[in-house]
Amino acid sequence: MAQLTLSGIEKRFNNTLAVKDLSLDIKDGEFFALLGPSGCGKTTTMRMIAGLEAPSAGQIHIGEREVTALPPADRNVGMVFQDYALYPHMSVRDNIGYPLKVRGVRGSNYTERISAVAEQLQLGALLERRPGQLSGGQQQRVAVSRAVVHHADVFLFDEPLSNLDAKLRLEARAFLKRLQRELKMTVVYVTHDQVEAMALADRMAVMQGGVVQQVGAPLEVYRRPATTFVASFIGNPPMNLLPVTLERAGRWRCGDAQLTPDTPRPELVGRTLTLGLRPEHLLLDPAGELSGEVMAVEPLGVETILMLSVAGETVAVRLPGEAEPPSSGTLRLRPEWSRAVLFDEEGARL
């Protein structure tokens, strides 16, 4: 495996800048996720790493080699596509072995490597079947087997779980995480699903409009989002964002409510900012500083989500699963100020 370095990468399609000045250092053996909504540039970035797209600017290094201008076959990357791209007329054995064939691997080495990977991914009994005879989860494992059989330096996964149902996605996440740890694979994983990124990645980059908004460990990004976009994209429900005006040190206004945070922040007096609070950091309290009208109650078993209208904004509150809040009326909330995040007028974290 190898380290992957992207330096000042850009990609322009005619007059559209799809990826802008992207620089990343992905460590050897790291599981790294590119996360963002459709059209944010994450798949374009992965295609440039693979050599399927040529960057308009910047450099790509895999290990000590610059591969910016190399064709895909010379980069030694393994790739798993969203639709798996298995050959329907080939057996599982031949699908797995295809990358070895095109590299000239023959004889006992060819057979042994296929058998070893198939056993590791629990496909030993399926080697003579064709893709049409497999379940979605089995097809996904064949696609992964084909990627890992030739010992690539970097593995690229393009939303490989999006075609699976919820139960299979859960099983596949555990399988991919275990496989990556056992093989010490350097993985770049593209997804729009924040749950996948949070569950799998050692670190992740959150992208919007071709620009990386934040890079960090999943919990770091969750707790300390760098922008209001990251705050609203990460979390289910996402972070609550409320407009606040700092009237004087230790006295903020949110709609009709006056708030008294633990941190005075006198240098921010007179500015209208955005207060961020995760749903679990708003507590029901009859003496709370915020009040809101109940809009909906969502009992989910392990937790209950309470939706309220606060200062003209929809606010989510996460409660224990056994909680039975009223389904209408006005409730008061107390912020956990030590967990709050404050953003400036441009949406950047202060």
Side-chain angles (χ1 to χ4, degrees), residues 4-11 17-27 30-46 49 58 187-246 252 254 259 261-263 265 267-268 271-282 313-316 318 335-350:
L4 172 66
T5 304
L6 310 181
S7 306
I9 293 297
E10 293 195 347
K11 181 61 181 179
L17 190 59
V19 176
K20 180 180 179 181
D21 193 22
L22 186 149
S23 295
L24 293 171
D25 287 311
I26 299 170
K27 302 170 188 173
E30 183 174 33
F31 199 123
F32 193 93
L34 293 175
L35 173 66
S38 297
C40 72
K42 57 188 186 295
T43 295
T44 300
T45 300
M46 187 198 65
I49 297 170
V187 170
V188 178
Y189 189 98
V190 166
T191 182
H192 66 274
D193 187 331
Q194 52 154 317
V195 174
E196 284 183 16
M198 296 282 290
L200 289 169
D202 300 312
R203 287 190 305 144
M204 61 185 185
V206 183
M207 298 183 67
Q208 180 198 29
V211 177
V212 171
Q213 300 282 308
Q214 185 172 3
V215 177
L219 286 180
E220 174 192 347
V221 175
Y222 182 84
R223 292 167 179 161
R224 301 281 292 168
T227 66
T228 50
F229 170 78
V230 176
S232 62
F233 192 77
I234 300 293
N236 186 24
M239 179 175 276
N240 298 302
L241 300 173
L242 294 169
V244 294
T245 302
L246 278 65
W252 301 0
C254 178
L259 308 178
D262 297 334
T263 304
R265 302 301 297 265
E267 74 277 12
L268 301 176
R271 295 172 64 178
T272 298
L273 306 172
T274 300
L275 173 66
L277 286 158
R278 291 288 178 196
E280 58 269 27
H281 301 150
L282 280 168
E313 302 289 336
T314 299
V315 167
R318 179 173 277 114
E336 283 194 272
W337 288 112
S338 63
R339 306 294 189 92
V341 183
L342 201 61
F343 302 92
D344 67 16
E345 293 87 345
E346 282 71 48
R349 187 184 73 226
L350 289 167

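Computed from a predicted structure; not experimentally measured. Side-chain atoms are counted along with the backbone in the values below, which use heavy atoms only and exclude waters and symmetry mates.
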Practice task
Give the minimum heavy-atom separation between Val215 and Glu220, together with the two atoms involved.
Solution key: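 Heavy atoms only, the tightest pair is O-OE2, 4.4 Å.
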
Problem - Listed partners of Glu346 passing salt bridge (Lys or Arg N to Asp or Glu O under 4.0 Å), at least two apart - result: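 Per chain and number, Glu346 pairs via salt bridge (Lys or Arg N to Asp or Glu O under 4.0 Å) with no residue.
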
Exercise for the section: Would you check, one step at a time, whether the test side chain to side chain contact (heavy atoms under 4.5 Å, CB included) holds for Leu6 with Ser23? Expected result: CA-CA 5 Å; Leu6 310 181; Ser23 295; 5.8 Å; no

Problem - For Ala33, side chain to side chain contact (heavy atoms under 4.5 Å, CB included) partners two or more places apart - result: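 Checked Ala33 against side chain to side chain contact (heavy atoms under 4.5 Å, CB included); matches are Ala197, Ala201, Met204.
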
Exercise for the section: Please identify each residue that fulfils side-chain hydrogen bond (donor to acceptor under 3.5 Å, both in side chains) with Thr227, with sequence neighbours left out. Expected result: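 Counting only residues at least two positions away or on another chain, Thr227 forms a side-chain hydrogen bond (donor to acceptor under 3.5 Å, both in side chains) with Gln213.
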
Problem - Set of residues satisfying salt bridge (Lys or Arg N to Asp or Glu O under 4.0 Å) with respect to Arg349, sequence neighbours excluded - result: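 With sequence neighbours excluded, Arg349 shows a salt bridge (Lys or Arg N to Asp or Glu O under 4.0 Å) to no residue whatsoever.
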
Exercise for the section: Would you check, one step at a time, whether the test side chain to side chain contact (heavy atoms under 4.5 Å, CB included) holds for Thr272 with Val244? Expected result: CA-CA 6 Å; Thr272 298; Val244 294; over 6 Å; no

Exercise for the section: Please list, chain by chain and in numerical order, all residues satisfying salt bridge (Lys or Arg N to Asp or Glu O under 4.0 Å) with Arg339, sequence neighbours excluded. Expected result: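 Applying salt bridge (Lys or Arg N to Asp or Glu O under 4.0 Å) to Arg339 gives none.
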
Practice task
Give the minimum heavy-atom separation between Val221 and Arg278, together with the two atoms involved.
Solution key: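 So the two residues come closest at O-NH2, 4.4 Å.
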
Exercise for the section: Verify side chain to side chain contact (heavy atoms under 4.5 Å, CB included) between Leu242 and Thr274, making sure each step is shown before the conclusion. Expected result: CA-CA 5 Å; Leu242 294 169; Thr274 300; over 6 Å; no

Practice task
Sequence neighbours left out, what passes ring pair (Phe, Tyr, Trp, His ring centres under 6.0 Å) with Phe229? Give chain and number order.
Solution key: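 For Phe229, the residues satisfying ring pair (Phe, Tyr, Trp, His ring centres under 6.0 Å) (neighbours in sequence not counted) are Phe233.
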
Problem - Parallel, tilted or perpendicular, as decided by the 30° and 60° cut-offs, for the rings of Phe31 and Tyr189 - result: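 Tyr189 and Phe31: tilted rings.
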
Practice task
Taking the side chain as every heavy atom from C-beta outward, state whether Met239 and Val230 have any pair of such atoms under 4.5 Å apart.
Solution key: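 Met239 does not reach Val230 side chain to side chain.
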
Exercise for the section: Keeping the roles fixed (side chain from Gln208, backbone from Cys40), state whether a donor-acceptor pair exists under 3.5 Å. Expected result: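 Absent.
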
Problem - Partners passing side chain to side chain contact (heavy atoms under 4.5 Å, CB included) against Thr5 (at least two apart in sequence or in another chain) - result: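 With neighbours one apart ignored, the set is Gln3, Ser7, Asp25, His61.
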
Problem - Closest non-hydrogen atom pair, Ile9 against Val19 - result: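 Heavy-atom minimum between the residues: O-CG1, 3.9 Å.
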
Problem - Nearest-0.5 Å distance that lies between atom NZ in Lys20 and atom CE in Met207 - result: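 Spacing of NZ (Lys20) from CE (Met207) equals 12.5 Å.
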
Exercise for the section: Carefully, step by step, assess Thr45 and Lys11 under the rule side chain to side chain contact (heavy atoms under 4.5 Å, CB included). Expected result: CA-CA 8 Å; Thr45 300; Lys11 181 61 181 179; over 6 Å; no

Exercise for the section: Supply the atom-to-atom distance Phe32 CZ to Lys27 NZ, rounded to the nearest 0.5 angstrom. Expected result: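 Between atom CZ of Phe32 and atom NZ of Lys27 there are 10.0 Å.
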
Practice task
Heavy atoms only: give me the nearest Phe343-Ala231 pair and the separation to one decimal.
Solution key: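 Scanning both residues completely, I find the closest heavy atoms to be CZ-CB, 3.9 Å.
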
Handout entry: Gln214 side chain to Ala226 backbone, donor-acceptor under 3.5 Å
Key =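 Looks like yes, one N/O pair under 3.5 Å.
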
Exercise for the section: Rounded to the nearest 0.5 Å, what's the gap from CH2 on Trp252 to CG on Leu342? Could you check? Expected result: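 Answer rounded to 0.5 Å: 4.5 Å.
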
Handout entry: Partner set under side chain to side chain contact (heavy atoms under 4.5 Å, CB included) for Glu345, not counting sequence neighbours
Key =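 Listed in chain order: Arg271, Leu273.
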
Problem - Side-chain heavy atoms of Leu4 within contact of Leu24, under 4.5 Å - result: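 The answer is no; the side chains never approach within 4.5 Å.
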
Exercise for the section: Hey, could you give me each pair passing salt bridge (Lys or Arg N to Asp or Glu O under 4.0 Å) that has a residue in residues 200-216? Not counting sequence neighbours. Expected result: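 Residue pairs with at least one partner in residues 200-216: Glu30-Arg203, Lys177-Asp202, Arg181-Asp202.
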
Practice task
Could you check if a side-chain atom of Leu35 sits within less than 4.5 angstrom of a side-chain atom of Gln194, using non-hydrogen atoms only?
Solution key: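 Sidechains of Gln194 and Leu35: in contact.
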
Handout entry: Test item: Lys42 side-chain N/O and Pro37 main-chain N/O as donor-acceptor pair under 3.5 Å
Key =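 Judged by distance alone, yes, a pair lies under 3.5 Å.
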
Handout entry: side-chain hydrogen bond (donor to acceptor under 3.5 Å, both in side chains) partners of Ser232, counting only residues at least two apart
Key =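 Expected list: none.
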
Handout entry: Gap separating the CG atom of Leu34 from the OG1 atom of Thr44, nearest 0.5 angstrom
Key =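 The CG atom of Leu34 sits 11.0 Å away from the OG1 atom of Thr44.
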
Practice task
Might you point out which heavy atoms bring Gly8 and Asp21 nearest each other, and give the distance in Å?
Solution key: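 Here Gly8 and Asp21 meet closest at CA-OD1, 3.5 Å.
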
Exercise for the section: List in chain and number order the residues that pass side chain to side chain contact (heavy atoms under 4.5 Å, CB included) with Ala316, two or more places apart in sequence or in another chain; answer none if no residue qualifies. Expected result: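 Side chain to side chain contact (heavy atoms under 4.5 Å, CB included) check on Ala316 returns Pro237, Asn240, Pro279, Ile305, Met307.
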
Handout entry: Qualifying residues under salt bridge (Lys or Arg N to Asp or Glu O under 4.0 Å), relative to Glu280, sequence neighbours excluded
Key =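 Result, salt bridge (Lys or Arg N to Asp or Glu O under 4.0 Å) vs Glu280: Arg318.
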
Practice task
Could you tell me which non-hydrogen atom of Pro335 sits nearest to which non-hydrogen atom of Leu282, and how far apart they are?
Solution key: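 Distance-wise, the nearest heavy atoms are CA-CD2, 4.0 Å.
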
